[in-house]
Novice: 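Quick one: the structure is below, and I'll ask about it shortly.
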Amino acid sequence: MVLPKRIIRDIDAICRGILWSGTQHLKGVAAVAWSKVFQAKSEGVLGLKQVTEWNISAIFEYVWAIAKKEDNIKYQITQGYQRLIPVEVKEHWPSIVWIRFNYPKHSFILWMAMLNRLKTKDRIARYNTAIDTHCLFCNIEEE
């Protein structure tokens, strides 16, 4: 069954909230556009699956299995999903970020740093002018 758009929006909202704020509801602004999060890890992003395309892929595979009258339905959803998602330019650094032995938290922070999305003083100063942008160590130069 194809999921209704409302359900898909709710699932996306919950996933977005959990990724960026750790709760079901997003608080504040996300560091990376939600549409970018779904690209492949080799393209420099998280590689999450889009619920809409995953659902469509699952339905196509199910219909195909019924049309072929297979008793044992084997879902090849991943292959169908990959056909629906366009391939973007591959980055050179994802293999370093997503190493198997990294702690997930470390990989996530490194990923945010590679995208220049960490909340550093210079980025925060863009929208909050009351912040002191001088170096914490020497207090002379701006960061």
Side-chain angles (χ1 to χ4, degrees), residues 1-137 141-143:
M1 170 174 94
V2 177
L3 294 175
K5 290 181 180 181
R6 172 69 187 190
I7 300 295
I8 291 173
R9 266 189 267 127
D10 290 347
I11 291 170
D12 276 345
I14 291 170
C15 292
R16 189 171 37 249
I18 289 172
L19 178 66
W20 297 118
S21 64
T23 63
Q24 282 186 341
H25 304 289
L26 178 63
K27 297 173 185 168
V29 179
V32 177
W34 190 239
S35 60
K36 291 282 188 183
V37 173
F38 296 111
Q39 295 170 348
K41 284 184 179 180
S42 63
E43 297 165 16
V45 285
L46 286 180
L48 299 179
K49 304 288 187 220
Q50 290 183 12
V51 177
T52 306
E53 279 76 9
W54 189 262
N55 188 27
I56 291 169
S57 176
I59 294 300
F60 282 151
E61 291 301 323
Y62 186 68
V63 169
W64 181 255
I66 291 172
K68 290 179 68 175
K69 298 180 181 177
E70 292 181 0
D71 293 333
N72 185 10
I73 299 174
K74 296 180 182 177
Y75 288 105
Q76 298 296 327
I77 299 172
T78 303
Q79 291 175 353
Y81 178 82
Q82 289 171 347
R83 289 185 191 122
L84 290 172
I85 302 300
V87 177
E88 300 289 330
V89 177
K90 294 188 178 192
E91 295 286 343
H92 65 280
W93 50 264
S95 60
I96 298 167
V97 172
W98 304 114
I99 293 176
R100 200 173 107 186
F101 299 110
N102 279 358
Y103 290 106
K105 183 175 184 176
H106 298 170
S107 292
F108 189 79
I109 291 171
L110 183 56
W111 172 66
M112 294 286 288
M114 296 304 288
L115 294 176
N116 195 23
R117 298 289 189 204
L118 288 177
K119 291 186 178 178
T120 56
K121 279 189 172 186
D122 62 333
R123 286 183 53 82
I124 295 171
R126 290 182 195 162
Y127 56 86
N128 184 359
T129 57
I131 191 168
D132 179 24
T133 58
H134 288 91
C135 176
L136 287 173
F137 297 112
E141 296 183 20
E142 289 191 3
E143 287 188 11

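If you read the sequence from its start, that first residue is 1, and numbering goes on from there.
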Novice: From I7 CD1 over to N55 CG, what is the distance, rounded to the nearest 0.5 angstrom?
Specialist: 11.0 Å

Novice: Using only atom types and a distance under 3.5 Å, with no angle test, would you say the side chain of N102 pairs donor to acceptor with the backbone of V97?
Specialist: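 Pair found, side chain donor or acceptor close to backbone of V97.
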
Novice: With sequence neighbours left out, what residues match F101 under ring pair (Phe, Tyr, Trp, His ring centres under 6.0 Å)?
Specialist: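 Applying ring pair (Phe, Tyr, Trp, His ring centres under 6.0 Å) to F101 gives none.
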
Novice: Please report the interatomic distance CD(Q50) to CD1(I8), rounded to the nearest 0.5 Å.
Specialist: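 Output value for this atom pair is 10.5 Å.
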
Novice: With distance as the sole test, does R117 use its side chain to make a donor-acceptor pair with the main-chain N or O of M112 at under 3.5 Å?
Specialist: no

Novice: Taking atom OH of Y103 and atom CG of L110, what is their separation to the nearest 0.5 Å?
Specialist: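 That separation rounds to 15.5 Å.
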
Novice: Using 0.5 Å steps for rounding, measure from the CD1 atom of I109 to the CE atom of M114.
Specialist: 14.5 Å

Novice: What pairs of residues pass the salt bridge (charged side-chain N to carboxylate O under 4.0 Å, His left out) test when at least one of them lies in residues 91-105, not counting sequence neighbours?
Specialist: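 Residue pairs with at least one partner in residues 91-105: there are none.
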
Novice: Holding to salt bridge (charged side-chain N to carboxylate O under 4.0 Å, His left out), I want the full list of residues that pass it with D10, two or more places apart in sequence or in another chain.
Specialist: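 Here the qualifying residues are R6.
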
Novice: For I14, enumerate each residue passing the side chain to side chain contact (heavy atoms under 4.5 Å, CB included) test, keeping only those at least two apart in sequence or located in another chain.
Specialist: I18, Q24

Novice: Of all residues at least two apart in sequence or in a different chain, which pass the ring pair (Phe, Tyr, Trp, His ring centres under 6.0 Å) check with F108?
Specialist: W20, W111

Novice: Say you draw a straight line from CZ of R9 to OG1 of T52; how long is it, rounded to the nearest 0.5 Å?
Specialist: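 OG1 of T52 is found 10.0 Å from CZ of R9.
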
